[in-house]
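Throughout, numbering of the chain's residues begins at 1 and tracks the sequence.
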Amino acid sequence: QLQLVESGGGLAQVGDSLRLSCTVSGRADSSYSMGWFRQGPGKEREFVAAINYNGVSTYYGDSVKGRFAISKDNAKGTLYLQMNALKAEDTAVYYCAATLGTRARVTTDLYNFWGQGTQVTVSS
């Protein structure tokens, strides 16, 4: 079992930057891939970014490509999402997720473990 806890959300202005963190516990090794998803008001959960177990391969949703960066520090057991050039439409609850295995995944159904979410609000 993996336990995931997100942090770093909050209120930002359009154009600002925020960094989200997700701390992972419950597993001694790092043989799991991870992702970030978000869910805005009245919307379905949306893929944001994913990274494979060793951090070599990354994938991004079209709406965040070029603005967000995902990274994974296996020594610290922490996943990050650096969000730059924030837009009002980035407002959502952001969730980190993990799946056992070496391949990054981009759909919610392939993730087994989820954090509780952290709110990001971007005002104009």
Side-chain angles (χ1 to χ4, degrees):
Q1 289 287 347
L2 295 175
Q3 293 80 45
L4 284 60
V5 178
E6 302 99 335
S7 61
L11 181 63
Q13 301 288 324
V14 169
D16 283 353
S17 297
L18 279 178
R19 189 176 79 159
L20 305 183
S21 300
C22 175
T23 302
V24 183
S25 61
R27 190 170 180 93
D29 63 26
S30 58
S31 57
Y32 50 89
S33 299
M34 301 193 71
W36 288 98
F37 292 80
R38 67 186 182 186
Q39 189 163 14
K43 297 182 180 179
E44 293 187 354
R45 196 164 294 191
E46 173 191 20
F47 168 71
V48 175
I51 190 166
N52 76 328
Y53 78 109
N54 62 5
V56 171
S57 299
T58 58
Y59 303 89
Y60 295 93
D62 288 341
S63 60
V64 306
K65 206 171 291 184
R67 299 188 298 122
F68 290 11
I70 188 171
S71 59
K72 187 172 182 270
D73 187 333
N74 286 333
K76 295 182 177 179
T78 303
L79 177 74
Y80 301 99
L81 184 68
Q82 178 66 42
M83 304 187 295
N84 300 324
L86 283 165
K87 303 177 180 180
E89 51 263 44
D90 294 321
T91 295
V93 177
Y94 283 72
Y95 298 90
C96 68
T99 179
L100 299 181
T102 59
R103 295 179 61 185
R105 305 295 186 178
V106 301
T107 57
T108 58
D109 61 313
L110 295 176
Y111 285 90
N112 309 105
F113 308 99
W114 292 84
Q116 81 288 351
T118 185
Q119 177 71 46
V120 171
T121 302
V122 184
S123 63
S124 56

Checklist entry - Is the backbone of Ser57 close enough, under 3.5 Å, to the side chain of Asn52 for a donor and an acceptor to pair up by distance? => result yes
Checklist outcome for this item: Contacts satisfying salt bridge (charged side-chain N to carboxylate O under 4.0 Å, His left out) that involve residues 21-30 (not counting sequence neighbours) are Arg27-Asp29
Checklist entry - Should the pair Tyr95 and Trp114 be assigned to parallel (<30°), tilted (30 to 60°) or perpendicular (>60°) ring geometry? => result perpendicular
Checklist outcome for this item: side chain to side chain contact (heavy atoms under 4.5 Å, CB included) filter on Arg103, not counting sequence neighbours, yields Arg105
Checklist entry - What salt bridge (charged side-chain N to carboxylate O under 4.0 Å, His left out) pairs are there with at least one residue in residues 55-66, not counting sequence neighbours? => result Asp62-Lys65
Item to check | disulfide (SG to SG under 2.5 Å): pairs with one or both residues in residues 31-66, sequence neighbours excluded | outcome: none
Checklist outcome for this item: Sorted by chain and number, sequence neighbours left out, side chain to side chain contact (heavy atoms under 4.5 Å, CB included) with Ser7 holds for Ser21
Checklist outcome for this item: Tyr111 meets the ring-ring contact (aromatic ring centres under 6.0 Å, His included) criterion, sequence neighbours left out, with Phe37
Checklist entry - Around atom CD of Gln1, are there more than 12 heavy atoms of other residues, nucleotides or ligands at under 6.0 Å? => result no
Checklist outcome for this item: Between Leu4 and Ala98, the two heavy atoms sitting closest are CD2-N, 3.8 Å
Checklist entry - Hey, does the side chain of Gln39 reach the backbone of Val93 with a donor-acceptor pair shorter than 3.5 angstrom? => result no
Checklist entry - Stepwise, does the side chain to side chain contact (heavy atoms under 4.5 Å, CB included) test hold for Met34 with Thr99? => result CA-CA 6 Å; Met34 301 193 71; Thr99 179; over 6 Å; no
Checklist entry - Short question: side chain of Tyr60, backbone of Ile70 - any donor-acceptor pair under 3.5 Å? => result yes
Checklist outcome for this item: Here the pair of heavy atoms bringing Tyr32 nearest to Gly77 is OH-CA, 4.3 Å
Checklist entry - Please, which pairs that meet salt bridge (charged side-chain N to carboxylate O under 4.0 Å, His left out) have at least one residue in residues 40-51, sequence neighbours excluded? => result Arg38-Glu46
Checklist entry - Taking all atoms of both residues into account, what is the closest heavy-atom pair of Ala104 and Ala50, and its distance? => result CB-CB, 4.1 Å
Checklist entry - Of all heavy-atom pairs between Thr78 and Thr23, which one has the smallest distance, and what is that distance? => result OG1-OG1, 4.2 Å
Item to check | Contact check, side chains of Trp36 and Phe68, non-hydrogen atoms, under 4.5 Å | outcome: no
Item to check | Shared hydrophobic cluster for Val5 and Tyr94 (ILVMFWY, side-chain gaps under 4.5 Å) | outcome: no
Next on the checklist: Using the rule that Ile, Leu, Val, Met, Phe, Trp and Tyr join whenever any side-chain heavy atoms are under 4.5 Å apart, tell me whether Ile51 and Tyr59 fall into a single cluster.
Outcome noted: no
Next on the checklist: Show the nearest heavy-atom pair for residues Thr91 and Gln119, with the distance to one decimal.
Outcome noted: CG2-NE2, 4.0 Å
Item to check | Reported CG-to-CG distance for the pair Leu2 and Leu100, which is rounded to 0.5 angstrom | outcome: 5.5 Å
Checklist entry - Given side chains that start at C-beta, do those of Thr118 and Leu20 come closer than 4.5 Å, heavy atoms only? => result yes
Which pairs would a plain distance check flag for residues 79-87, meaning a side-chain donor or acceptor within less than 3.5 Å of a matching protein atom at least two apart in sequence or in another chain?
from  : atom 1 : to    : atom 2 : distance (Å)
Gln82 : NE2    : Asn84 : OD1    : 2.9
Asn84 : OD1    : Ser17 : OG     : 2.9

Checklist entry - If you look only at pairs with a residue in residues 27-70, which of them pass as a disulfide (SG to SG under 2.5 Å), with sequence neighbours excluded? => result none
Item to check | disulfide (SG to SG under 2.5 Å) pairs, two or more places apart, involving residues 68-124 | outcome: Cys22-Cys96
Checklist outcome for this item: Correct closest heavy-atom pair for Glu6 and Gly117 would be OE1-N, 2.8 Å
Checklist outcome for this item: Here the salt bridge (charged side-chain N to carboxylate O under 4.0 Å, His left out) pairs for residues 113-124, sequence neighbours left out, are none
Next on the checklist: My understanding is that only residues two or more places apart in sequence, or in another chain, count here; which of them pass side chain to side chain donor-acceptor pair (under 3.5 Å) with Ser123?
Outcome noted: Gln13
Item to check | Stepwise side chain to side chain contact (heavy atoms under 4.5 Å, CB included) test for Lys72 and Ser33 | outcome: CA-CA 9 Å; Lys72 187 172 182 270; Ser33 299; over 6 Å; no
